[in-house]
Amino acid sequence: MFNKNEGKNSVMKKADKMNNSIIWLICILFLLGFSGCGSKNVDVTSGTGTDTTQTTSTQGANMTTEDEYITGGHIDNTDPNAPKHIESTEITEFDSDFYAERRWNKEEISHFIFQIKKDESGVLTAYEKETGISCPADEYLLEDLQDIIEARDLVSYNGWYEKTNGIPPEFGPFFFKATYESGEVLEFTMEGPAEWRDDVYDVFAEWFSENGIDDLYPEKPDANVTRINFKYVDEEMAVNIHETEVLKEDAIDGETHLLELDYEDKKNPELSEELFIKIPDGYFKRITEIINGSDIVRDHYFGLLDSDVTDAYNFLDVYFEYDDDTRVSVETHDKSQIERERFVIDQMLSYHESIFGKRLTADNEDDMTPIPCMSVFVGDTFFGVEMEYNPSREAFVEKLGGGISIDLHDEEGSVKVGELPWELPRDDEEMTARPGEIILCGENSIAICYEEYSGSFTKIGKFTNFNEEDIKKIQDSFGGDETVTVNFIVEWTE
(Lines give C-alpha, C1' and ligand atoms only; values in the text may rest on other atoms or scores of the structure.)
Protein backbone atom coordinates (compact mmCIF):
# COMPACT_ATOMS: atom_id res chain seq x y z
CA MET A 1 0.00 0.00 0.00
CA PHE A 2 1.06 3.62 -0.27
CA ASN A 3 1.75 5.22 3.06
CA LYS A 4 4.37 7.38 4.65
CA ASN A 5 7.00 4.67 4.67
CA GLU A 6 5.94 2.46 1.78
CA GLY A 7 4.16 4.87 -0.54
CA LYS A 8 5.80 8.19 -1.11
CA ASN A 9 9.09 7.06 0.38
CA SER A 10 9.21 3.91 -1.75
CA VAL A 11 9.59 6.16 -4.77
CA MET A 12 12.37 8.10 -3.03
CA LYS A 13 14.10 4.84 -2.15
CA LYS A 14 13.90 3.67 -5.74
CA ALA A 15 15.29 7.01 -6.95
CA ASP A 16 18.17 6.82 -4.44
CA LYS A 17 18.82 3.25 -5.54
CA MET A 18 18.91 4.42 -9.16
CA ASN A 19 21.45 7.18 -8.35
CA ASN A 20 23.65 4.79 -6.39
CA SER A 21 23.49 2.30 -9.25
CA ILE A 22 24.64 4.94 -11.73
CA ILE A 23 27.65 5.75 -9.56
CA TRP A 24 28.38 2.03 -9.20
CA LEU A 25 28.17 1.51 -12.96
CA ILE A 26 30.58 4.40 -13.59
CA CYS A 27 33.05 2.74 -11.23
CA ILE A 28 32.74 -0.55 -13.13
CA LEU A 29 33.26 1.14 -16.47
CA PHE A 30 36.26 2.98 -15.01
CA LEU A 31 37.77 -0.34 -13.94
CA LEU A 32 36.98 -1.83 -17.34
CA GLY A 33 39.04 0.89 -18.96
CA PHE A 34 42.10 -0.19 -16.99
CA SER A 35 41.53 -3.92 -17.37
CA GLY A 36 41.25 -3.80 -21.15
CA CYS A 37 37.59 -4.91 -21.07
CA GLY A 38 35.78 -2.54 -23.38
CA SER A 39 32.81 -3.15 -25.64
CA LYS A 40 34.75 -5.63 -27.76
CA ASN A 41 34.17 -9.37 -27.44
CA VAL A 42 36.40 -10.82 -24.73
CA ASP A 43 37.13 -14.21 -23.33
CA VAL A 44 36.20 -13.55 -19.73
CA THR A 45 37.90 -16.73 -18.62
CA SER A 46 41.22 -16.35 -20.44
CA GLY A 47 41.45 -12.63 -21.32
CA THR A 48 42.47 -13.48 -24.89
CA GLY A 49 40.06 -11.04 -26.54
CA THR A 50 37.93 -13.79 -28.11
CA ASP A 51 34.51 -14.76 -26.80
CA THR A 52 34.75 -18.47 -26.07
CA THR A 53 31.40 -18.62 -24.28
CA GLN A 54 28.69 -20.18 -26.46
CA THR A 55 25.55 -18.63 -25.00
CA THR A 56 22.39 -19.14 -27.03
CA SER A 57 20.15 -16.06 -27.06
CA THR A 58 17.04 -18.21 -27.42
CA GLN A 59 17.48 -19.23 -23.78
CA GLY A 60 16.61 -15.73 -22.53
CA ALA A 61 18.45 -13.02 -20.68
CA ASN A 62 19.27 -15.06 -17.60
CA MET A 63 20.69 -18.16 -19.34
CA THR A 64 24.46 -17.96 -19.02
CA THR A 65 27.30 -20.35 -18.28
CA GLU A 66 29.05 -20.32 -14.95
CA ASP A 67 32.23 -18.89 -16.48
CA GLU A 68 30.41 -15.77 -17.68
CA TYR A 69 29.78 -14.41 -14.21
CA ILE A 70 32.87 -12.29 -13.80
CA THR A 71 32.02 -8.72 -12.82
CA GLY A 72 32.49 -6.38 -15.74
CA GLY A 73 32.82 -9.10 -18.37
CA HIS A 74 31.07 -7.94 -21.54
CA ILE A 75 29.50 -10.44 -23.92
CA ASP A 76 28.35 -9.58 -27.43
CA ASN A 77 26.74 -12.40 -29.38
CA THR A 78 24.76 -10.13 -31.69
CA ASP A 79 23.67 -11.70 -34.96
CA PRO A 80 24.28 -9.06 -37.65
CA ASN A 81 22.27 -11.10 -40.16
CA ALA A 82 19.04 -11.16 -38.16
CA PRO A 83 16.19 -9.69 -40.28
CA LYS A 84 15.19 -6.11 -39.57
CA HIS A 85 11.78 -6.57 -41.12
CA ILE A 86 9.06 -9.03 -40.12
CA GLU A 87 6.19 -9.52 -42.50
CA SER A 88 3.70 -11.06 -40.10
CA THR A 89 1.81 -9.14 -37.39
CA GLU A 90 0.15 -12.18 -35.79
CA ILE A 91 1.99 -13.05 -32.56
CA THR A 92 1.52 -16.64 -31.44
CA GLU A 93 4.00 -16.77 -28.51
CA PHE A 94 5.72 -14.18 -26.36
CA ASP A 95 8.51 -14.19 -23.79
CA SER A 96 10.22 -11.41 -21.86
CA ASP A 97 12.41 -11.05 -18.79
CA PHE A 98 13.32 -7.61 -17.49
CA TYR A 99 13.67 -5.25 -14.54
CA ALA A 100 11.55 -2.06 -14.65
CA GLU A 101 12.64 0.36 -11.93
CA ARG A 102 9.56 2.59 -12.35
CA ARG A 103 7.06 -0.25 -11.97
CA TRP A 104 6.44 -2.60 -9.07
CA ASN A 105 3.83 -5.07 -7.86
CA LYS A 106 2.12 -5.55 -4.50
CA GLU A 107 5.35 -6.91 -3.04
CA GLU A 108 7.31 -3.93 -4.43
CA ILE A 109 9.18 -6.27 -6.78
CA SER A 110 10.31 -4.74 -10.08
CA HIS A 111 11.49 -7.88 -11.86
CA PHE A 112 8.96 -9.33 -14.31
CA ILE A 113 8.84 -12.40 -16.53
CA PHE A 114 5.91 -12.15 -18.95
CA GLN A 115 5.09 -15.08 -21.20
CA ILE A 116 2.33 -16.14 -23.57
CA LYS A 117 2.33 -19.79 -24.56
CA LYS A 118 0.07 -22.82 -24.68
CA ASP A 119 -0.55 -24.60 -21.39
CA GLU A 120 -0.67 -28.38 -20.93
CA SER A 121 -4.20 -28.43 -22.33
CA GLY A 122 -3.20 -26.51 -25.43
CA VAL A 123 -4.86 -23.25 -24.29
CA LEU A 124 -2.90 -20.11 -25.14
CA THR A 125 -2.21 -18.59 -21.73
CA ALA A 126 -0.58 -15.41 -20.41
CA TYR A 127 1.75 -15.72 -17.43
CA GLU A 128 3.75 -13.53 -15.09
CA LYS A 129 6.18 -15.91 -13.46
CA GLU A 130 7.34 -13.79 -10.50
CA THR A 131 3.82 -13.45 -9.10
CA GLY A 132 2.63 -16.82 -10.42
CA ILE A 133 -0.48 -15.37 -12.07
CA SER A 134 -1.96 -16.66 -15.32
CA CYS A 135 -5.05 -16.26 -17.48
CA PRO A 136 -6.10 -17.50 -20.93
CA ALA A 137 -4.79 -14.98 -23.46
CA ASP A 138 -6.92 -13.25 -26.07
CA GLU A 139 -6.35 -11.39 -29.32
CA TYR A 140 -6.48 -7.99 -27.61
CA LEU A 141 -3.39 -8.72 -25.51
CA LEU A 142 -1.47 -9.97 -28.56
CA GLU A 143 -2.52 -6.94 -30.60
CA ASP A 144 -1.41 -4.55 -27.85
CA LEU A 145 2.02 -6.21 -27.76
CA GLN A 146 2.31 -5.88 -31.54
CA ASP A 147 1.43 -2.19 -31.20
CA ILE A 148 4.39 -1.77 -28.83
CA ILE A 149 6.70 -3.52 -31.28
CA GLU A 150 5.64 -1.19 -34.09
CA ALA A 151 5.55 2.01 -32.02
CA ARG A 152 9.01 1.40 -30.54
CA ASP A 153 10.46 -0.08 -33.76
CA LEU A 154 11.68 -3.08 -31.77
CA VAL A 155 12.35 -5.07 -34.93
CA SER A 156 15.44 -2.88 -35.37
CA TYR A 157 16.93 -4.67 -32.32
CA ASN A 158 16.37 -8.14 -33.74
CA GLY A 159 19.42 -10.34 -33.24
CA TRP A 160 21.03 -8.20 -30.55
CA TYR A 161 22.66 -10.04 -27.68
CA GLU A 162 24.68 -7.91 -25.29
CA LYS A 163 25.25 -8.18 -21.58
CA THR A 164 27.73 -6.92 -19.05
CA ASN A 165 27.96 -9.11 -15.99
CA GLY A 166 27.53 -7.61 -12.57
CA ILE A 167 25.82 -4.35 -13.49
CA PRO A 168 22.71 -3.28 -11.52
CA PRO A 169 19.48 -4.91 -12.78
CA GLU A 170 17.95 -1.61 -13.93
CA PHE A 171 20.66 -1.43 -16.61
CA GLY A 172 20.03 -4.90 -17.97
CA PRO A 173 20.13 -7.33 -19.51
CA PHE A 174 16.54 -7.22 -20.81
CA PHE A 175 15.16 -10.09 -22.86
CA PHE A 176 12.37 -9.87 -25.46
CA LYS A 177 11.03 -12.50 -27.84
CA ALA A 178 7.95 -12.61 -30.07
CA THR A 179 7.15 -15.60 -32.28
CA TYR A 180 4.84 -15.09 -35.23
CA GLU A 181 2.33 -17.26 -37.05
CA SER A 182 4.59 -17.14 -40.12
CA GLY A 183 7.43 -18.70 -38.14
CA GLU A 184 9.33 -15.40 -38.03
CA VAL A 185 10.95 -14.51 -34.71
CA LEU A 186 11.82 -11.18 -33.13
CA GLU A 187 14.37 -11.72 -30.36
CA PHE A 188 16.96 -9.64 -28.58
CA THR A 189 18.80 -9.21 -25.30
CA MET A 190 19.88 -5.65 -24.62
CA GLU A 191 21.18 -3.25 -21.99
CA GLY A 192 20.74 0.43 -21.26
CA PRO A 193 17.62 2.58 -21.82
CA ALA A 194 14.63 0.48 -22.89
CA GLU A 195 11.31 2.31 -22.73
CA TRP A 196 9.48 -0.73 -24.05
CA ARG A 197 9.78 -2.36 -20.62
CA ASP A 198 7.24 0.03 -19.05
CA ASP A 199 4.99 -0.41 -22.10
CA VAL A 200 5.00 -4.20 -21.77
CA TYR A 201 4.35 -4.02 -18.04
CA ASP A 202 1.47 -1.55 -18.52
CA VAL A 203 -0.18 -3.72 -21.19
CA PHE A 204 0.02 -6.90 -19.11
CA ALA A 205 -0.91 -5.19 -15.81
CA GLU A 206 -4.00 -3.53 -17.31
CA TRP A 207 -5.00 -6.69 -19.17
CA PHE A 208 -4.69 -8.88 -16.07
CA SER A 209 -6.61 -6.26 -14.05
CA GLU A 210 -9.43 -6.27 -16.60
CA ASN A 211 -9.57 -10.02 -16.08
CA GLY A 212 -9.90 -9.62 -12.30
CA ILE A 213 -6.23 -10.08 -11.36
CA ASP A 214 -4.59 -7.01 -9.74
CA ASP A 215 -1.42 -8.66 -8.43
CA LEU A 216 0.81 -6.64 -10.76
CA TYR A 217 -0.35 -3.33 -9.30
CA PRO A 218 0.82 -1.92 -5.96
CA GLU A 219 -1.63 -1.86 -3.08
CA LYS A 220 -3.94 1.13 -3.18
CA PRO A 221 -3.70 3.57 -0.26
CA ASP A 222 -5.81 2.84 2.80
CA ALA A 223 -5.08 6.09 4.66
CA ASN A 224 -7.59 8.94 4.90
CA VAL A 225 -7.36 12.19 2.95
CA THR A 226 -7.22 15.21 5.28
CA ARG A 227 -6.64 18.00 2.77
CA ILE A 228 -7.50 18.53 -0.90
CA ASN A 229 -6.93 21.21 -3.52
CA PHE A 230 -8.51 20.54 -6.91
CA LYS A 231 -8.11 22.59 -10.08
CA TYR A 232 -9.49 21.60 -13.45
CA VAL A 233 -9.43 23.61 -16.68
CA ASP A 234 -10.73 22.74 -20.13
CA GLU A 235 -11.84 24.73 -23.17
CA GLU A 236 -15.17 25.62 -21.55
CA MET A 237 -14.59 26.15 -17.85
CA ALA A 238 -12.18 26.47 -14.96
CA VAL A 239 -12.92 25.03 -11.50
CA ASN A 240 -10.91 25.61 -8.34
CA ILE A 241 -12.01 23.90 -5.10
CA HIS A 242 -10.13 24.42 -1.85
CA GLU A 243 -10.41 25.18 1.85
CA THR A 244 -10.20 28.81 2.90
CA GLU A 245 -10.36 31.11 5.93
CA VAL A 246 -12.80 34.02 5.82
CA LEU A 247 -13.34 37.04 8.04
CA LYS A 248 -15.70 36.73 10.99
CA GLU A 249 -18.29 38.90 9.24
CA ASP A 250 -18.28 36.41 6.34
CA ALA A 251 -18.58 33.33 8.56
CA ILE A 252 -21.35 30.78 8.02
CA ASP A 253 -23.05 29.85 11.32
CA GLY A 254 -19.96 31.19 13.08
CA GLU A 255 -17.60 29.00 11.04
CA THR A 256 -14.73 30.83 9.33
CA HIS A 257 -12.96 27.75 7.93
CA LEU A 258 -14.98 27.10 4.78
CA LEU A 259 -14.94 25.26 1.49
CA GLU A 260 -14.63 27.57 -1.53
CA LEU A 261 -15.62 26.96 -5.14
CA ASP A 262 -14.29 29.32 -7.82
CA TYR A 263 -16.11 28.67 -11.08
CA GLU A 264 -15.36 30.33 -14.42
CA ASP A 265 -17.62 29.80 -17.41
CA LYS A 266 -15.50 30.73 -20.43
CA LYS A 267 -18.44 30.92 -22.85
CA ASN A 268 -20.82 32.75 -20.53
CA PRO A 269 -18.77 34.81 -18.06
CA GLU A 270 -21.92 36.08 -16.36
CA LEU A 271 -22.42 32.55 -14.96
CA SER A 272 -19.01 32.60 -13.25
CA GLU A 273 -19.10 32.94 -9.47
CA GLU A 274 -17.46 32.22 -6.12
CA LEU A 275 -19.36 30.09 -3.60
CA PHE A 276 -18.67 29.26 0.05
CA ILE A 277 -20.14 26.55 2.27
CA LYS A 278 -19.34 24.96 5.59
CA ILE A 279 -17.24 21.84 5.13
CA PRO A 280 -19.84 19.04 5.23
CA ASP A 281 -19.55 16.32 7.82
CA GLY A 282 -18.06 13.31 6.05
CA TYR A 283 -16.52 15.51 3.35
CA PHE A 284 -13.04 14.01 3.57
CA LYS A 285 -14.47 10.51 3.83
CA ARG A 286 -16.06 11.03 0.42
CA ILE A 287 -12.87 12.62 -0.99
CA THR A 288 -10.92 9.60 0.29
CA GLU A 289 -13.35 7.26 -1.46
CA ILE A 290 -12.86 9.15 -4.73
CA ILE A 291 -9.06 9.32 -4.53
CA ASN A 292 -8.50 5.80 -3.24
CA GLY A 293 -11.04 4.42 -5.68
CA SER A 294 -9.01 5.78 -8.59
CA ASP A 295 -5.56 5.10 -10.03
CA ILE A 296 -4.23 8.64 -9.62
CA VAL A 297 -1.76 7.76 -6.84
CA ARG A 298 -0.37 4.80 -8.76
CA ASP A 299 -0.20 6.79 -11.99
CA HIS A 300 1.66 9.55 -10.15
CA TYR A 301 4.24 7.19 -8.63
CA PHE A 302 4.69 5.35 -11.95
CA GLY A 303 5.49 8.62 -13.71
CA LEU A 304 2.45 8.34 -15.97
CA LEU A 305 1.53 11.96 -15.26
CA ASP A 306 4.93 13.46 -16.09
CA SER A 307 4.90 15.65 -19.18
CA ASP A 308 6.53 18.76 -20.58
CA VAL A 309 3.41 19.64 -22.58
CA THR A 310 2.21 23.22 -22.11
CA ASP A 311 -1.44 23.82 -22.94
CA ALA A 312 -3.21 26.88 -21.57
CA TYR A 313 -6.63 25.39 -22.38
CA ASN A 314 -6.20 22.12 -20.48
CA PHE A 315 -4.93 21.75 -16.95
CA LEU A 316 -5.28 19.40 -13.99
CA ASP A 317 -3.79 20.18 -10.60
CA VAL A 318 -4.66 17.89 -7.70
CA TYR A 319 -2.91 18.11 -4.34
CA PHE A 320 -3.91 16.01 -1.35
CA GLU A 321 -2.54 14.91 2.00
CA TYR A 322 -3.19 11.73 3.94
CA ASP A 323 -3.39 11.33 7.70
CA ASP A 324 -0.12 9.34 7.58
CA ASP A 325 1.67 12.50 6.28
CA THR A 326 1.91 11.20 2.71
CA ARG A 327 1.48 14.02 0.20
CA VAL A 328 0.72 13.69 -3.50
CA SER A 329 0.83 16.48 -6.05
CA VAL A 330 -0.31 15.94 -9.64
CA GLU A 331 0.02 18.73 -12.19
CA THR A 332 -0.27 18.27 -15.94
CA HIS A 333 -1.30 20.14 -19.09
CA ASP A 334 -1.16 16.98 -21.21
CA LYS A 335 -4.69 16.28 -22.46
CA SER A 336 -4.11 12.52 -22.77
CA GLN A 337 -2.87 12.38 -19.18
CA ILE A 338 -5.83 14.45 -18.00
CA GLU A 339 -8.18 12.02 -19.70
CA ARG A 340 -6.39 9.18 -17.92
CA GLU A 341 -7.70 10.65 -14.65
CA ARG A 342 -11.24 11.18 -15.95
CA PHE A 343 -12.70 9.11 -13.09
CA VAL A 344 -11.31 11.50 -10.46
CA ILE A 345 -12.35 14.56 -12.45
CA ASP A 346 -15.92 13.40 -13.03
CA GLN A 347 -16.38 12.21 -9.44
CA MET A 348 -14.99 15.44 -7.98
CA LEU A 349 -17.19 17.60 -10.20
CA SER A 350 -20.30 15.51 -9.53
CA TYR A 351 -19.78 15.45 -5.77
CA HIS A 352 -19.20 19.18 -5.52
CA GLU A 353 -22.19 19.85 -7.76
CA SER A 354 -24.32 18.14 -5.12
CA ILE A 355 -22.97 19.99 -2.09
CA PHE A 356 -22.70 23.45 -3.70
CA GLY A 357 -25.89 23.11 -5.74
CA LYS A 358 -23.96 24.43 -8.73
CA ARG A 359 -23.80 22.77 -12.13
CA LEU A 360 -20.08 22.51 -12.89
CA THR A 361 -20.33 22.29 -16.66
CA ALA A 362 -20.16 25.10 -19.16
CA ASP A 363 -23.55 26.42 -20.28
CA ASN A 364 -24.19 25.41 -23.87
CA GLU A 365 -27.03 24.11 -26.01
CA ASP A 366 -25.65 20.58 -26.14
CA ASP A 367 -25.25 20.18 -22.39
CA MET A 368 -28.14 21.47 -20.36
CA THR A 369 -28.59 18.48 -18.08
CA PRO A 370 -29.99 19.77 -14.77
CA ILE A 371 -28.57 18.60 -11.45
CA PRO A 372 -30.98 17.28 -8.76
CA CYS A 373 -30.69 18.87 -5.31
CA MET A 374 -32.58 17.08 -2.54
CA SER A 375 -33.71 18.41 0.80
CA VAL A 376 -35.65 16.93 3.75
CA PHE A 377 -38.15 18.78 5.94
CA VAL A 378 -39.45 17.65 9.32
CA GLY A 379 -41.97 20.32 10.14
CA ASP A 380 -40.05 23.56 9.69
CA THR A 381 -36.65 21.92 10.19
CA PHE A 382 -34.57 21.72 7.02
CA PHE A 383 -31.82 19.28 6.10
CA GLY A 384 -29.82 19.44 2.85
CA VAL A 385 -28.99 16.05 1.33
CA GLU A 386 -25.81 14.88 -0.37
CA MET A 387 -26.88 12.05 -2.63
CA GLU A 388 -24.99 8.88 -3.41
CA TYR A 389 -24.14 8.09 -7.04
CA ASN A 390 -25.75 4.73 -7.59
CA PRO A 391 -28.78 3.27 -9.44
CA SER A 392 -30.89 3.30 -6.25
CA ARG A 393 -30.50 7.05 -5.78
CA GLU A 394 -31.14 7.71 -9.47
CA ALA A 395 -34.35 5.67 -9.38
CA PHE A 396 -35.46 7.37 -6.13
CA VAL A 397 -35.04 10.83 -7.63
CA GLU A 398 -36.83 9.80 -10.81
CA LYS A 399 -39.80 8.35 -8.88
CA LEU A 400 -39.83 11.26 -6.47
CA GLY A 401 -40.67 13.84 -9.10
CA GLY A 402 -41.01 17.10 -7.19
CA GLY A 403 -41.46 15.56 -3.77
CA ILE A 404 -43.27 13.14 -1.48
CA SER A 405 -44.48 13.03 2.12
CA ILE A 406 -43.87 9.81 4.09
CA ASP A 407 -44.71 8.86 7.68
CA LEU A 408 -41.74 7.25 9.40
CA HIS A 409 -42.11 5.10 12.53
CA ASP A 410 -39.39 4.23 15.00
CA GLU A 411 -37.41 1.00 14.92
CA GLU A 412 -34.71 -0.23 17.30
CA GLY A 413 -34.29 3.22 18.85
CA SER A 414 -31.94 4.22 16.03
CA VAL A 415 -33.88 4.76 12.78
CA LYS A 416 -37.18 6.08 11.49
CA VAL A 417 -38.63 3.80 8.79
CA GLY A 418 -41.46 4.24 6.28
CA GLU A 419 -42.93 2.40 3.32
CA LEU A 420 -42.33 3.66 -0.23
CA PRO A 421 -45.16 3.61 -2.80
CA TRP A 422 -42.87 2.09 -5.45
CA GLU A 423 -40.04 -0.42 -5.75
CA LEU A 424 -36.41 0.65 -6.17
CA PRO A 425 -33.30 -1.28 -7.26
CA ARG A 426 -31.13 -2.38 -4.38
CA ASP A 427 -27.50 -3.32 -3.85
CA ASP A 428 -27.46 -4.17 -0.14
CA GLU A 429 -24.25 -4.51 1.84
CA GLU A 430 -23.54 -5.25 5.48
CA MET A 431 -22.46 -1.93 6.99
CA THR A 432 -23.03 0.65 9.70
CA ALA A 433 -24.90 3.88 8.96
CA ARG A 434 -24.29 7.07 10.94
CA PRO A 435 -26.83 9.65 12.09
CA GLY A 436 -28.19 11.62 9.15
CA GLU A 437 -27.76 8.85 6.57
CA ILE A 438 -30.71 7.86 4.35
CA ILE A 439 -30.96 4.18 3.49
CA LEU A 440 -33.16 1.64 1.73
CA CYS A 441 -33.92 -1.37 3.94
CA GLY A 442 -36.49 -4.12 4.38
CA GLU A 443 -38.58 -5.14 1.39
CA ASN A 444 -39.54 -1.65 0.24
CA SER A 445 -38.68 0.82 2.98
CA ILE A 446 -36.76 4.04 3.35
CA ALA A 447 -35.14 4.99 6.64
CA ILE A 448 -33.35 7.95 8.22
CA CYS A 449 -30.83 7.14 10.95
CA TYR A 450 -30.59 9.26 14.08
CA GLU A 451 -28.21 6.85 15.84
CA GLU A 452 -25.68 4.39 14.43
CA TYR A 453 -27.46 1.50 12.76
CA SER A 454 -25.91 -1.76 11.53
CA GLY A 455 -27.49 -4.10 9.02
CA SER A 456 -27.81 -4.94 5.34
CA PHE A 457 -29.04 -2.00 3.28
CA THR A 458 -28.33 0.42 0.43
CA LYS A 459 -27.29 4.02 1.03
CA ILE A 460 -28.91 6.71 -1.11
CA GLY A 461 -27.76 9.89 0.66
CA LYS A 462 -26.91 11.73 3.86
CA PHE A 463 -27.56 15.12 5.41
CA THR A 464 -24.99 17.78 4.47
CA ASN A 465 -23.39 20.76 6.15
CA PHE A 466 -23.66 19.49 9.69
CA ASN A 467 -20.98 18.64 12.21
CA GLU A 468 -21.00 16.60 15.37
CA GLU A 469 -22.83 19.37 17.23
CA ASP A 470 -25.63 19.23 14.68
CA ILE A 471 -26.28 15.56 15.39
CA LYS A 472 -28.43 16.77 18.27
CA LYS A 473 -30.59 18.54 15.68
CA ILE A 474 -31.12 15.19 13.95
CA GLN A 475 -31.83 13.37 17.19
CA ASP A 476 -34.31 16.05 18.27
CA SER A 477 -36.12 15.76 14.92
CA PHE A 478 -36.15 11.98 14.54
CA GLY A 479 -35.52 10.48 18.00
CA GLY A 480 -38.20 9.04 20.26
CA ASP A 481 -41.05 6.60 19.78
CA GLU A 482 -43.47 8.87 17.96
CA THR A 483 -44.07 8.75 14.21
CA VAL A 484 -42.77 11.72 12.22
CA THR A 485 -43.86 13.04 8.85
CA VAL A 486 -40.97 13.69 6.50
CA ASN A 487 -41.14 15.65 3.24
CA PHE A 488 -38.56 14.72 0.59
CA ILE A 489 -38.14 17.58 -1.91
CA VAL A 490 -36.14 17.62 -5.16
CA GLU A 491 -35.27 20.80 -7.01
CA TRP A 492 -33.30 20.91 -10.25
CA THR A 493 -30.62 23.39 -11.25
CA GLU A 494 -31.41 25.35 -14.39
Is a side-chain donor or acceptor of [X] paired with a backbone partner of [Y] at a separation under 3.5 angstrom?
X	Y	answer
Asp153	Ile149	no
Lys459	Leu440	no
Thr131	Asp215	no
Asp334	Ser336	yes
Ser134	Ala126	no
Ser96	Phe114	yes
His257	Glu245	no
Lys266	Asp234	yes
Ser209	Ala205	no

Pair Lys358-Glu273, salt bridge (Lys or Arg N to Asp or Glu O under 4.0 Å): steps then yes or no: CA-CA 10 Å; Lys358 172 71 176 179; Glu273 60 181 326; 2.9 Å; yes
Option passing side chain to side chain contact (heavy atoms under 4.5 Å, CB included) with Tyr283 (candidates Lys278, Glu243, His352):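 For Tyr283, the side chain to side chain contact (heavy atoms under 4.5 Å, CB included) check succeeds only for His352.
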Criterion salt bridge (Lys or Arg N to Asp or Glu O under 4.0 Å) on Arg434 and Glu437, from CA distance to verdict: CA-CA 6 Å; Arg434 299 181 65 248; Glu437 293 196 296; over 6 Å; no
is_close_aromatic(His111, Tyr99), centroid dist under 6.0 Å: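 Not close enough - the centres of the two rings lie 6.0 Å or further apart.
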Check: Phe463 ring centroid to Phe383 ring centroid under 6.0 Å: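 Yes, the ring centres sit under 6.0 Å apart.
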pair Phe377-Ile489: side-chain heavy atoms closer than 4.5 Å: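 Of all side-chain heavy-atom pairs linking Ile489 with Phe377, at least one is under 4.5 Å.
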Atom NZ of Lys399 with >12 non-hydrogen neighbours under 6.0 angstrom: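 No.
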Lys/Arg cation over aromatic Tyr319: Arg227, 6.0 Å, 45° cone: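 No, cation not above the ring by the 6.0 Å, 45° rule.
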